[in-house]
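Note: hydrogens, waters and symmetry copies are ignored here, and every other heavy atom, side chains too, is used. Lettering of chains follows the sequences in order, A, B, ..., and the numbering in each one begins at 1.
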Amino acid sequence: MIDLRLLRDDPERVRASQRARGEDPAVVDALLAADEQRRAAVTRADGLRADQKAASQAVRAASEEDRPAVLERAKALAAEVKEAEAKQAEADATLRAAQLAVPNVVLDGVPAGGEQDFVVLEQVGEIPTYDFPGLDHLDLGTALGAIDTERGAKVSGSRFAFLTGWGALLELALINLAMGSAVQAGYNPVIAPALVRPEAMEGTGFLGAHAAEVYKLEADDLYLVGTSEVPLAAFHSGEVLEDLPYRYAGFSSCFRREAGSHGKDTRGIIRVHQFDKVEMFCLVDPAEAEAEHQRLLANEKAFLSALEIPFRVIEVAAGDLGSSAARKYDCEAWLPSQERWLELTSTSNCTDFQARRLGIRSRGASGLAPVATLNGTLCAIGRTIAVLLEVHQRADGSVHVPEVLRPYLAGRKELLPQ
RNA sequence: GGAGGCGUCGCCUAGUCCGGUCUAUGGCGCCGCACUGCUAAUGCGGUUUGGGUCUCAAGCCCAUCGGGAGUUCAAAUCUCCCCGCCUCCGCCA
């Protein structure tokens, strides 16, 4: 949710942000108009309420003979108030809708344009080459007895998979490695609920453009989260925080309908309906947000480097940002079977946009103000397993185990086909 | 799932039966000032949050007693729905 004061003071900045995103700047002017109308409605209703309050007191004070006339007046005012309040409620709803239609203002330096207009910031490691044909992660995983998508489909449908044997152990290894390094870096570990109320989903902005992506349990009015960013962000909703920053590393299963991605990444476990993820989430002073964002990115890079995965870092263009994000970096790993870069992690600076809607504030020099929230993937486990298998495969079908994972995998230096 | 109890401006608390200066009581904590050799103690004042108005300063106004709706001239107080917590029973990994 955008700051209405910023909007009033500098609407052109918001319009420019809209243009950078390739979205309609007219929503900015619609919001300005809605804001003005709401303020007019509030002023009128407040005034009438003040009159009615006085009239109501007068009823009590009135003498026996004055009473009927005074009561009449109070009743008339009550009707007027009711009508003015209805108009105010309408203006409030219009304002809210207009406010939800305006995404966060992008930060300086974010490249304008859409999905293909990203900027590559750096590449870590070389694109690997292999002097043997090579298998994709599903063939490798099947041979290792680590991934079973056929039975996943039989039991749950397409885009579901079982992780078995080394696959299951690899998942646990990655969770432990991710959580361990997060704790070491000062993040508070959290196991988060995967089912949340509508308010949590709405407050984090996932019921907007991405509503079709979200699973809903109709009978219980609960949603399955697509990322633990949702419960982590909602964790402190409505609170006043002291002693910023707060840093969390949340583990949860993630559920996505993948409604708009028919035919995309259908093979293997790159894009599935259910996967597990360790997500970092930070609440900081808005002045510290950009520095915190760099920290998150650094953590992501360190994690991928430790897994000996070659990757590149891109800055996502304005049009490809989520509505809450003001800047976003993705780390993309090289996927040998498809000879392309695949998004493994993503970190967004949401400035105070998300916190404003969730009511997460802290006491600053000028009173209570929304904090800044940031999120970043530490490890999306399924995809990381897919990349690990492909990148570290060898001609004989075995897979090299990076040193950092060995303590969690009974010291194994390689995984062998069964 | 069944029965009962509870939710008050940071924390605790009065008020709710029987609607009206509730403009929400008192204590603790916190902030300021005074007093004091320092600390403590004491005294005085302040201390929810959001919004509106305004030279965005003071001031004034409106809302806010878990959330929402209703009844009424008037709701912390009455009615209904929802949320949360507690106790007991049932069921359960």
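Judged by distance alone, the side chain of A:H400 and the main-chain N or O of A:E414 form no donor-acceptor pair under 3.5 Å. Between the side chain of A:E300 and the main chain of A:T377, a donor-acceptor pair closer than 3.5 Å is present. The backbone N or O of A:A192 sits nowhere less than 3.5 Å from a side-chain atom of A:S228 that would complete a donor-acceptor pair. Distance alone, capped at 3.5 Å, places no donor-acceptor pair between the A:S156 side chain and the A:A153 backbone. A:R257 contributes a side-chain N or O that, together with a main-chain N or O of A:A212, makes up a donor-acceptor pair within less than 3.5 Å.
Nucleotide B:rA34 is matched to B:rU42 when pairs are restricted to Watson-Crick or G-U wobble geometry with both distances under 3.5 angstrom. The pairing partner recorded for B:rC85 is B:rG5, the criterion being a Watson-Crick or G-U wobble arrangement whose two distances lie under 3.5 angstrom. The partner of B:rC54 is absent, by the rule that a Watson-Crick or G-U pair needs both atom distances under 3.5 Å. In this entry B:rG29 has B:rU47 as its Watson-Crick or G-U wobble partner, both defining distances falling under 3.5 Å. Across all strands shown, B:rG20 forms a Watson-Crick or G-U wobble pair, both distances under 3.5 Å, with B:rC73.
Comparing the P positions of B:rC35 and B:rC56 gives a spacing of 38 Å, expressed to the nearest Å. Rounded to a whole angstrom, the distance from the P atom of B:rG26 to that of B:rG46 is 12 Å. Taking atom C1' on both B:rC89 and B:rC28, the two are 39 Å apart, rounded to the nearest angstrom. Taking atom P in both B:rC82 and B:rG2, one finds a spacing of 12 Å when rounded to whole Å. Separating the P atom of B:rG7 from that of B:rC65 is a span of 14 Å, rounded to the nearest Å. Taking atom C1' on both nucleotides, B:rU87 is separated from B:rU16 by 23 Å, rounded to a whole Å. B:rC18 and B:rC54 have their C1' atoms separated by 44 Å, with the value rounded to a whole Å. Spacing of P atoms, B:rU79 relative to B:rG4, comes out at 15 Å, to the nearest Å.
Among the nucleotides B:rA74, B:rG52, B:rG50, the one closest to the side chain of A:R361 is B:rG50.
In this structure, A:D92 atom CG and B:rA63 atom P are separated by 15 Å, rounded to whole Å. Computed from coordinates, the A:K53 NZ to B:rG19 P distance equals 21 Å when rounded to whole Å. The nearest whole Å value for the distance from the CD atom in A:Q57 to the C1' atom in B:rC62 is 15 Å. The CZ-C1' distance, from A:R363 to B:rG50, rounds to 14 Å in whole Å. Going from atom CZ of A:R197 over to atom C1' of B:rG68 covers 14 Å, rounded to whole Å. Residue A:K82 contributes atom NZ, which lies 11 Å from atom C1' of B:rA69 at whole-angstrom precision. To the nearest angstrom, C1' of B:rG50 lies 10 Å from CG of A:L368. Look at CD on A:E80: it is 15 Å from P on B:rC73, rounded to the nearest Å.
Between A:D221 and A:R197 there is no salt bridge, since none of the side-chain N atoms of the basic residue sits less than 4.0 Å from a carboxylate O of the acidic one. Salt bridge annotation for A:D92-A:R96: absent, with no cationic side-chain nitrogen under 4.0 angstrom from a carboxylate oxygen.
Between A:D9 and A:A55, the residue anchored nearer the 5' end of RNA chain B, judged by the nucleotide with its closest heavy atom, is A:D9.
Between the CG atom of A:L224 and the CG atom of A:L195 there is a distance of 5.0 Å, given to the nearest 0.5 Å.
Around the CZ atom of A:R13, the shell of radius 6.0 Å holds no more than 12 heavy atoms that belong to other residues, nucleotides or ligands.
Taking the centre of each ring, A:H236 and A:F281 stay at or above the 6.0 Å mark.
Of the residues in residues 32-51 of chain A, A:R38, A:R39, A:V42, A:T43, A:D46, A:R49, A:A50 come within less than 4.0 Å of RNA chain B through at least one heavy atom, sorted by number.
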Nucleotides 64-67 of chain B: which of its N/O atoms have a protein N/O under 3.5 Å away?
none

*Please test A:Y223 against A:E202 for side-chain hydrogen bond (donor to acceptor under 3.5 Å, both in side chains), starting from the C-alpha separation and ending with a verdict.*
CA-CA 10 Å; A:Y223 292 90; A:E202 171 133 36; over 6 Å; no
